[in-house]
Amino acid sequence: MKKLFIVAAAVIFGSVLFAQEEEKQTPDFKNYLVPNLNFATVQTDDYDYMFNPVVNLSFFRQKSEGVESKQPDSILFSAGYGQSIFTKGFGEDKINQFHTFGLVFQMTNGKQTTLGAFSSKGYFNVHDFKAEYLTGYSGLAFEIAKTEHCSFSLGLMTLFGDNGFKFEDTNLYIMPFPLLSITLNYQFFECSIGSTGFNVSIFPKAIVRLDTSFVPVFNGKARDFTFDAALVASPFRKTKIGDAITVSAGLSHGKSEVFVDKDEKYGMHFYTAYGQIKCFGVTLKGGYNFGGEWLYNKEVTGDMTNGLFASASIAFKL
């Protein structure tokens, strides 16, 4: 598994005295607290909009290079909460406000990674909450091999909750699932392949690169698959700014679902052409949705009106 942050060892200059002082000033572990705020709006019909505020808080603890300690190399804990608010509602009661939440944990120690998550299955009506809305997983992965340009990890995780898996007519609420991760890292090509999707970057070290991602849904239909492909320009990559400022243009396919009741699920899927600007911790994104469809319990009920969307997010490290 890739680590979220890499903390470089301090460069020691001068005499032994200065080296000792630098060593005292360099902590064995560095702790980061990262709040993230995001707000998006999507036009879903001629006079209908969806508003999507999300807040997330992540804590990350990273061992410095060269530190000898039995403590884990890294620990990540993240908690998030969001809403989907529609100007028009769903169902007989026209419910228009839905909620979701999630918790994620990941710990890496040497070649072993422990991970787990707990979340709502999708945006749900908080006034009619049911246990079936909850899903999660826990797992363990081991790094089997690692070279200069390639790494391979293998493990197993257990899915729990109503994830849609069935054996004949019986729902499987506990399901083992293999964990597979292959990472390739070359000058002109980077690729990360896992059990839950893959990411590919062409010319990753160039000022202009192509980034793509794909997330399959094994128990769904073709319209349940999501993807994103974008040309990304980092005009200041060769300077100290690096990738802190980027400009992107891309095409994506997304999906959103809300639960009015356990057996009453509404949703939509759509394609998006977009442009995006990232400047340090601020991200602005906007574009046009097209080719969308409305869904009810996985069945298409009609075409979604083409329309605009926009989002803004800010993340900062404490």
Side-chain angles (χ1 to χ4, degrees), residues 1-7 29-36 38 54-65 67 69-82 100-122 131-147 150-165 172-185 190-201 213-220 224-228 315 317:
M1 296 287 183
K2 289 186 176 179
K3 297 179 180 178
L4 299 181
F5 297 91
I6 300 175
V7 181
F29 293 86
K30 289 191 176 181
N31 301 311
Y32 303 94
L33 191 64
V34 184
N36 178 265
N38 185 84
V54 176
V55 60
N56 190 81
L57 183 63
S58 299
F59 171 77
F60 186 77
R61 179 176 173 85
Q62 172 74 55
K63 183 190 295 184
S64 299
E65 288 187 7
V67 174
S69 173
K70 293 183 179 180
Q71 295 189 40
D73 297 335
S74 66
I75 297 175
L76 169 68
F77 180 81
S78 181
Y81 168 76
T100 191
F101 65 89
L103 301 172
V104 176
F105 172 79
Q106 180 171 312
M107 180 177 66
T108 300
N109 192 7
K111 296 184 178 182
Q112 176 181 308
T113 298
T114 304
L115 63 159
F118 181 76
S119 66
S120 56
K121 186 178 180 180
E132 288 87 345
Y133 295 139
L134 302 178
T135 60
Y137 64 81
S138 61
L140 193 64
F142 296 89
E143 186 179 75
I144 305 300
K146 183 176 182 179
T147 65
C150 178
S151 66
F152 174 67
S153 298
L154 190 63
L156 181 69
M157 69 178 177
T158 300
L159 305 176
F160 56 86
D162 185 6
N163 289 287
F165 294 102
L172 300 177
Y173 293 103
I174 298 178
M175 182 78 176
F177 197 79
L179 273 176
L180 172 68
S181 177
I182 301 174
T183 302
L184 304 175
N185 184 1
E190 288 184 358
C191 178
S192 176
I193 304 172
S195 302
T196 57
F198 66 82
N199 298 276
V200 177
S201 183
S213 63
F214 178 78
V215 179
V217 181
F218 298 104
N219 60 328
D224 296 322
F225 290 37
T226 61
F227 71 84
D228 188 285
K317 183 172 63 177

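Note: hydrogens, waters and symmetry copies are ignored here, and every other heavy atom, side chains too, is used.
Ser78 and Asn56 form a side-chain donor-acceptor contact under 3.5 Å, judged by distance and modelled atom types alone. In this model, no donor atom of one side chain and acceptor atom of the other lie less than 3.5 Å apart for Asn199 and Ser201.
Note that CD1 of Ile144 and OG of Ser151 are 11.0 Å apart. Values are rounded to the nearest 0.5 Å. Within the model, atoms CD of Gln112 and CG of Asp73 stand 11.0 Å from one another, a figure rounded to the nearest 0.5 Å. Put simply, CG on Asn109 and NZ on Lys63 are 6.0 Å apart, with the number rounded to the nearest 0.5 Å. Atoms CD and CD1, on Gln106 and Ile75 in that order, are 11.0 Å from each other to the nearest 0.5 Å. Here the OG-CZ distance, from Ser119 to Phe101, works out to 7.5 Å after rounding to the nearest 0.5 Å. Note that CZ of Phe152 and CD of Glu143 are 11.0 Å apart. Values are rounded to the nearest 0.5 Å.
Between Thr100 and Tyr133, the closest side-chain pair of non-hydrogen atoms is not below 4.5 Å. Counting heavy atoms from C-beta on, the side chains of Thr113 and Leu179 never come closer than 4.5 Å. Proximity of Thr158 to Ile174: side-chain heavy atoms (C-beta onward) are separated by under 4.5 Å at one or more points. Between Thr135 and Leu159, every side-chain heavy-atom pair lies at or beyond the 4.5 Å cut-off. The shortest side-chain heavy-atom distance between Leu76 and Tyr32 does not fall under the 4.5 Å cut-off.
Scanning both residues, Pro72 and Met107, for their nearest heavy atoms gives CG-SD, 3.5 Å. Here the shortest heavy-atom pairing between Cys150 and Leu184 reads SG-CD2, 3.6 Å. Closest of all the heavy-atom pairs between Phe118 and Phe160 is CD1-CE1, 4.0 Å. Minimum heavy-atom separation, Pro216 to Gly197: CD-CA, 3.7 Å. Pairing each heavy atom of Val200 with each of Cys191, the nearest pair is CG2-SG, 3.9 Å. Closest of all the heavy-atom pairs between Arg61 and Gln71 is NH2-OE1, 3.2 Å.
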**Request:** Go through the steps for Leu154 and Leu180 under the test side-chain contact (heavy atoms from CB on, under 4.5 Å), then give the verdict.
**Result:** CA-CA 5 Å; Leu154 190 63; Leu180 172 68; 4.1 Å; yes
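A search for side-chain contact (heavy atoms from CB on, under 4.5 Å) contacts involving Leu156 returns Pro176, not counting sequence neighbours.
A donor-acceptor pair under 3.5 Å is formed between the side chain of Ser195 and the backbone N or O of Pro178.
Checked against a 6.0 Å centroid threshold, the rings of Phe77 and Phe59 do not count as neighbours.
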